[in-house]
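To start, the structure under review is shown below, and the notes come after it.
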Amino acid sequence: MKVIIIGGVAGGATAAARIRRLDEKAQITVFERSGFVSYANCGLPYYVGGVITKKEELTLQTPQSFRERFNIDVRTAHEVTDIDADNRTVTVRDLRTGRVFEDSYDKLLLAPGARPTKPRLAGSDSENIFTLRTVEDTFRIKEEIVRRSPERAVIAGGGYIGVEMAENLVNSGVDVTIVQRPKQLLSPLDYDMACAVHAKLREKGVTLKLGSSVEGFEHEGKSVTVLLKDEEPLTADMVILAIGVTPDTTLAEKAGLKTGIKGSIIVSDTMETSKPDIYAVGDAVQVKHSVTGEAALISLAGPANKQGRIAADNICGGHSRYRGSQGSSVIKLFDMTIANTGINEKTAKALELDYEKIVLSPASHATYYPGATTMTMKVIYDRKTLKLLGGQIVGFDGVDKRIDVLATAIGAGMSMDELADLDLAYAPPYSSAKDPVNMAGFMAENLRDGLVKQFHWEELEQLCERSDVTLLDARTAEECRAGRIDGFVNIPLDSLRARMNELDRGKPVYVMCQSGLRSYITCRILTQEGFDCYNFSGGYRFYEAIARDRSPVKFTLPCGADAGVTASSERR
């Protein structure tokens, strides 16, 4: 059997090695357009920032190592320009010599990946405007920093690459501005969860231009002027275009393969395309979202590797199936960790799902053990069945651990009450006896059983205008002095039973505390005393981050709250 693979990196390189393990006699050739066949794509920003210091550390396998270990013929700087599916041949150009030749195949695998989205903007072809996709791109950016010591950089786009590049440029001593058309960074997150990301970047000196659009570039000497729509332009020494990625499927379209979203290659669950014996994997293919069942583009290394393995199995006569992607991801931002899995609230709304959401702020481990930090978790689930649909976590320690538990639970089709029953490892340095994942399950059970009702930050402004409700802050007086929302009556939880006569039993009571725990206890007390009570989801700490983001220059809260609120106590 003769197999040709177009493209290396994650999907193509994985498939090549897997085919060899399954078939020692197969003739395997990999054509890779760039100069590197298997490299740490996700590590490229960290070479720019100096976290990864050696060029060779970016390379996972070389043509020589593929030859010696796997007996695979890898040809870098070779671009496949045409596929003749009827005659089972490909046309190849050697980019070093210009020689063009044909090669034949029994099985063909496409792993071309995705290319950075580069809009047609005036002046975008300048030498100090960069994209980041390949190792060569990384070297060019690093060399620019070393050679010219740029003081100012503009990053167009606030996805994973844009945010990671911001961190690494800041660590290289560059003043960074991110320009993002949507009004938030990291689109897999909901806006309320992204607010903490915005705050961290601003804390590190990054300027955020959210809701802004780049319209073009002008060049004068070694600097570039970034033109913005209806705003003053920005001046920079270098620009990184990180607007997103587009499936690199020109070759597939020329070959007549069926395509879908953004021109992506449509494949079956065996990773086979519309043409027999032609398979495709990675960022170039359309997949099924395993939570919604909808067609999706999910450009992540994990799915690409799994798809490469599955395609290899089927090329060798196996019967492997790809179940879909749920988009689990994690990203480091300075000392912060941001992670998500499944769908977010935006998607749930767009699909008109009957969903519920909970927000909690648990500690990373037992608070009496030194070093505990707070994380914010947002969990989306089906209101009727309690089936888990998605999770987002922003915090510091332990975020990756909890998102992986949620991702596994989604993959297993678990419900929120099953999260409550999970038997998770506990020791004070690592967790709490009631792990944050268990806590999410407990909260969903309480809502289902009617032990508590909740309200969300989007409802606050309207509630503040009503005279037929009582707004109650269950925090201490000291906490309220540090930051509060005017219109909320302060009765600390520990004083509630003695001061209950101050509340109007004829009005619904909406209760807030720092994290949502004391307000829950308050609601349980009041509910059993005949009050109609609602607990604020996420607590004041969560809302404060959102309010600061909505008014970053002068922080104000609804209902005429005091401006200039200071950081609140960490008491729960």
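All of these numbers come straight from a predicted model, not from anything done at the bench. Heads up: numbering here begins at 1 and tracks the sequence. Only this structure's heavy atoms are used, side chains among them; waters, hydrogens and symmetry mates stay out.
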What distance separates [X] [atom1] from [Y] [atom2], expressed to the nearest 0.5 Å?
{"X": "L351", "Y": "I343", "atom1": "CG", "atom2": "CD1", "value": "6.5 Å"}
{"X": "E232", "Y": "K209", "atom1": "CD", "atom2": "NZ", "value": "9.0 Å"}
{"X": "S364", "Y": "I393", "atom1": "OG", "atom2": "CD1", "value": "12.0 Å"}
{"X": "L333", "Y": "I338", "atom1": "CG", "atom2": "CD1", "value": "4.5 Å"}
{"X": "W457", "Y": "L463", "atom1": "CH2", "atom2": "CG", "value": "13.5 Å"}

Sequence-distant partners of [X], ring pair (Phe, Tyr, Trp, His ring centres under 6.0 Å), two or more places apart:
{"X": "F536", "result": "F455"}
{"X": "Y369", "result": "H365"}
{"X": "H289", "result": "none"}

Is [X] reaching over with its side chain to a backbone N or O of [Y], donor-acceptor style, under 3.5 angstrom?
{"X": "S431", "Y": "A427", "result": "no"}
{"X": "N340", "Y": "G391", "result": "no"}
{"X": "D382", "Y": "K384", "result": "yes"}
{"X": "S325", "Y": "G327", "result": "no"}
{"X": "D473", "Y": "C480", "result": "no"}
{"X": "N535", "Y": "M512", "result": "no"}
{"X": "K507", "Y": "S467", "result": "yes"}
{"X": "T249", "Y": "G263", "result": "yes"}
{"X": "D190", "Y": "M193", "result": "no"}
{"X": "N490", "Y": "R475", "result": "yes"}

Min side-chain heavy-atom separation [X]-[Y] under 4.5 Å:
{"X": "L201", "Y": "F334", "result": "yes"}
{"X": "R448", "Y": "E445", "result": "yes"}
{"X": "L169", "Y": "I155", "result": "yes"}
{"X": "H198", "Y": "Q184", "result": "yes"}
{"X": "L388", "Y": "L406", "result": "yes"}
{"X": "V469", "Y": "V509", "result": "no"}
{"X": "D269", "Y": "R323", "result": "no"}
{"X": "Y381", "Y": "L447", "result": "yes"}

Can S432 and Y426 be counted as having a side-chain donor-acceptor contact under 3.5 angstrom?
-> no
Any side-chain donor paired with an acceptor under 3.5 Å for S328 and T341?
-> yes
Is the NZ or CZ atom of R484 positioned over Y540's six-membered ring, under 6.0 angstrom from the centre and within 45° of the axis?
-> no
Atom [atom1] of [X] with >12 non-hydrogen neighbours under 6.0 angstrom:
{"X": "K262", "atom1": "NZ", "answer": "no"}
{"X": "R499", "atom1": "CZ", "answer": "yes"}
{"X": "E459", "atom1": "CD", "answer": "yes"}

Distance-minimising heavy-atom pair for [X] and [Y]:
{"X": "I161", "Y": "A242", "result": "CG2-CB, 4.1 Å"}
{"X": "C533", "Y": "V511", "result": "SG-CG2, 3.5 Å"}
{"X": "P362", "Y": "M377", "result": "CG-SD, 3.9 Å"}
{"X": "G308", "Y": "T14", "result": "C-CG2, 4.3 Å"}
{"X": "I261", "Y": "A296", "result": "CD1-N, 3.8 Å"}

Mind checking side chain to side chain donor-acceptor pair (under 3.5 Å) for T117 and listing every partner two or more places apart, or none if nothing turns up?
-> T246
List the atom pairs, donor and acceptor, that lie under 3.5 Å between side-chain atoms in residues 522-530 and the rest of the protein, sequence neighbours left out.
from	atom 1	to	atom 2	distance (Å)
T522	OG1	R518	O	2.9
R524	NH1	L451	O	2.9
T527	OG1	C523	O	2.7
Q528	NE2	R524	O	2.9

What salt bridge (charged side-chain N to carboxylate O under 4.0 Å, His left out) pairs are there with at least one residue in residues 355-375, not counting sequence neighbours?
-> E345-K357, E356-R383, K357-E458
Pair L241-V214, side-chain contact (heavy atoms from CB on, under 4.5 Å): steps then yes or no | CA-CA 10 Å; L241 294 180; V214 175; 5.9 Å; no
